[in-house]
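What follows is a short report on a single structure.
Count residues from 1 along the sequence. It should be emphasised that the depicted structure is a prediction, and the values quoted were computed from it without experimental measurement.
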Amino acid sequence: MDAKTAEILCMTTRDFYQRNSMSFSETRQAPWPGWGKSLDMLRGELGRRKELSIFDLACGNLRFEAFLAAALPETELAFYAVDNCEALVPAGHSAHFQCLDVLGILHGGQRLNDQVKAPACDLSVSFGFMHHVPTAEYREEVLRTLIRKTRPAGYIIVSFWQFMKDAGLAKKAQATHAQALKDLGLPKLEEDDYLLGWKNIPGEYRYCHNFSEAEIDRLVASVEDEAMPISRFVADGRTRNLNTYLILQRLQ
C-alpha cells in the first residue's frame, strides 16, 4: 500500500468516529464474550492481586474498564486509556485518559510508544482496533507498543476481527467497499482490506482489515523477541468466531 492511500484510510476512519461517536457507542455497551474467556485464562495470575494496572489502546467508551471492575471487585484497578475520539469517553470516569491520534502518529512516522503517556502495566489490551490499522508494518508497531507498555512477565491481549467468516457481513462488505472506492477515488486496496459502511448512511465509511490466521501467525513471529504467545482462541459475534484473541506474555 502506498503512503497516500494509507493516509486516506487513516483519515477516513478518524473522521468516521468523530462524526458517529454517539451512535457507534450506543451499539457497543455489553462486554464481549472473549473478554470473559481471556480473564478466565488469566484469573489465576491476575485475580489474586490486590492492585492491577491496565493499559487500554483505543479504549472507546471504556466498556472493558467497566467489565473488569465488575469482574474483579476486590482488586484496586488503575486504568491508562488512549483513544483519539474523546467524545466516546463517558463523563465521570476514573481512568487516566490520553486523547491521541494513534493512526496519525503511525502514518507520520513517529514511534507510537514514545507518544503514549502510560507506565508499564500489568496488563495491556486492545480490542476492536487492530482491524483499523493499515499495513503490516503499522500493525507490528501497534503490537510492539502494547508489549512495551507491559511490565516484564505481564500480559497482552489483542483481538483480530474476521468479519468475512460471516456470509451476511461478507456480502455487505463487498458491496459497500466497491461503492466506497468510487466515492473516495481510491485504487484497489490490498487483499482483505475493506471500506465498511454504517447504518446504510451514504458516504459513511471506515477502513477495516479482515485478518487471516496466517497474518496473525506472522505478526506473532515478528515480536517473538519481546513476547511469547500463551493462548489463542476465537469468540464473539452471532457465530461465536468473528474475533481471534491473542494472549501474549512479555519476556523477562
Side-chain angles (χ1 to χ4, degrees), residues 1-25 28 55-64 80-89 95 97-118 124-149 156-163 173 176-177 180-181 183-187 189-198 203-211 215-216 218-219 222-223 243 246:
M1 182 184 298
D2 63 83
K4 184 60 178 178
T5 299
E7 180 182 20
I8 292 172
L9 295 177
C10 290
M11 292 175 61
T12 297
T13 303
R14 180 198 64 197
D15 294 345
F16 167 84
Y17 282 104
Q18 294 293 339
R19 289 192 301 268
N20 298 281
S21 59
M22 292 301 101
S23 65
F24 191 85
S25 181
R28 303 295 189 272
F55 172 60
D56 187 352
L57 186 65
C59 65
N61 60 7
L62 299 178
R63 273 190 304 159
F64 180 71
Y80 297 86
V82 171
D83 204 283
N84 77 322
C85 188
E86 195 165 3
L88 284 170
V89 181
F97 175 74
Q98 180 185 5
C99 187
L100 191 69
D101 183 2
V102 173
L103 296 177
I105 287 170
L106 292 170
H107 182 71
Q110 299 170 285
R111 288 295 179 190
L112 180 58
N113 185 60
D114 295 338
Q115 304 302 314
V116 173
K117 299 175 182 177
S124 293
V125 303
S126 188
F127 302 118
F129 176 64
M130 194 66 84
H131 59 265
H132 289 319
V133 181
T135 81
E137 178 185 358
Y138 291 175
R139 292 168 201 140
E140 181 181 339
E141 176 72 8
V142 169
L143 187 55
R144 285 197 181 275
T145 297
L146 288 164
I147 294 168
R148 291 170 183 177
K149 290 301 177 185
I156 302 97
I157 312 174
V158 187
S159 68
F160 298 90
W161 198 20
Q162 296 173 308
F163 51 90
T176 303
H177 179 68
L181 290 179
D183 291 350
L184 298 175
L186 287 171
L189 301 184
E190 294 181 353
E191 185 178 3
D192 283 327
D193 283 344
Y194 293 90
L195 287 154
L196 303 188
W198 180 246
E204 289 294 356
Y205 304 118
R206 65 199 194 280
Y207 163 77
C208 296
H209 181 78
N210 178 73
F211 283 92
E215 280 182 287
I216 300 173
R218 289 192 293 271
L219 193 54
S222 74
V223 298
N243 274 325
L246 178 65

Verdict with supporting geometry, Tyr207 and Ile8, side chain to side chain contact (heavy atoms under 4.5 Å, CB included): CA-CA 10 Å; Tyr207 163 77; Ile8 292 172; over 6 Å; no
Pair Leu186-Thr5, side chain to side chain contact (heavy atoms under 4.5 Å, CB included): steps then yes or no: CA-CA 7 Å; Leu186 287 171; Thr5 299; 4.3 Å; yes
Would Thr145 and Val102 count as a side chain to side chain contact (heavy atoms under 4.5 Å, CB included) here? Give the steps. CA-CA 11 Å; Thr145 297; Val102 173; over 6 Å; no
Check step by step if side chain to side chain contact (heavy atoms under 4.5 Å, CB included) holds for Phe163 and Leu196. CA-CA 11 Å; Phe163 51 90; Leu196 303 188; 4.3 Å; yes
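When every heavy atom of Met130 is checked against every heavy atom of Val142, the shortest pair comes out as CE-CG1, 3.8 Å. Closest approach of Asp193 and Met1 over heavy atoms only: OD2-CE, 3.3 Å. Counting all heavy atoms, side chain and backbone alike, Asn113 lies closest to Arg148 at OD1-CB, 3.7 Å. Shortest non-hydrogen contact noted between Asn243 and Gln162 is C-OE1, 4.3 Å. Gln18 and Cys85 get closest at one heavy-atom pair: NE2-CA, 4.0 Å.
Distance CZ/Arg144 to OG/Ser222: 5.5 Å, rounded to 0.5 Å. In this structure, the separation between CG on Leu219 and CD1 on Ile216 is 8.0 Å, given to the nearest 0.5 Å. Note that OG of Ser126 is 12.0 Å distant from CD1 of Ile156, once rounded to the nearest 0.5 Å. We find the CZ-CZ distance between Phe127 and Phe64 to be 4.5 Å, quoted to the nearest 0.5 Å. Taking CG from Leu143 and CG from Leu57, the interatomic distance works out to 10.5 Å, rounded to the nearest 0.5 Å.
Using a 30° and 60° split on the angle between ring planes, Phe129 and His132 fall in the perpendicular class, above 60°.
For the ring-ring contact (aromatic ring centres under 6.0 Å, His included) test, residues two or more places apart in sequence or in another chain that qualify with Phe211 are Phe160, His209. Annotation: salt bridge (Lys or Arg N to Asp or Glu O under 4.0 Å) contacts of Glu137 (sequence neighbours excluded): none. Here Glu7 pairs with Lys4 under the salt bridge (Lys or Arg N to Asp or Glu O under 4.0 Å) rule; sequence neighbours left out. Residues forming a salt bridge (Lys or Arg N to Asp or Glu O under 4.0 Å) with Arg19 (at least two apart in sequence, or on another chain): Glu204. With sequence neighbours left out, the salt bridge (Lys or Arg N to Asp or Glu O under 4.0 Å) criterion links Lys117 to no other residue.
Checked against Leu195 for a side chain to side chain contact (heavy atoms under 4.5 Å, CB included), the options Thr176, Thr13, Leu181, Asp183 give a single hit: Leu181.
Lys149 places a side-chain N or O within 3.5 Å of a backbone atom of Ala118 that can act as its donor or acceptor partner. No donor-acceptor pair under 3.5 Å is formed between the side chain of Asn210 and the backbone N or O of Asp192. Judged purely by atom type and a 3.5 angstrom limit, Gln98 uses its side chain to pair as donor or acceptor with the backbone of Gln115. Under a 3.5 Å cut-off, the side chain of Arg206 and the backbone N or O of Gly197 do form a donor-acceptor pair. Asn20 places no side-chain N or O within 3.5 Å of a backbone atom of Ser23 that could act as its donor or acceptor partner. A distance-only check finds a donor-acceptor pair linking the side chain of Asp83 to the backbone of Gly60 [under 3.5 Å]. Of the possible polar contacts, one joining the Ser159 side chain to the Gly128 backbone as a donor-acceptor pair under 3.5 Å is found.
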Distance-only criterion, 3.5 Å: show the donor-acceptor pairs between side-chain atoms of residues 103-111 and protein atoms not counting sequence neighbours.
from   : atom 1 : to     : atom 2 : distance (Å)
His107 : ND1    : Tyr138 : OH     : 3.3
Arg111 : NH1    : Glu141 : OE1    : 2.8

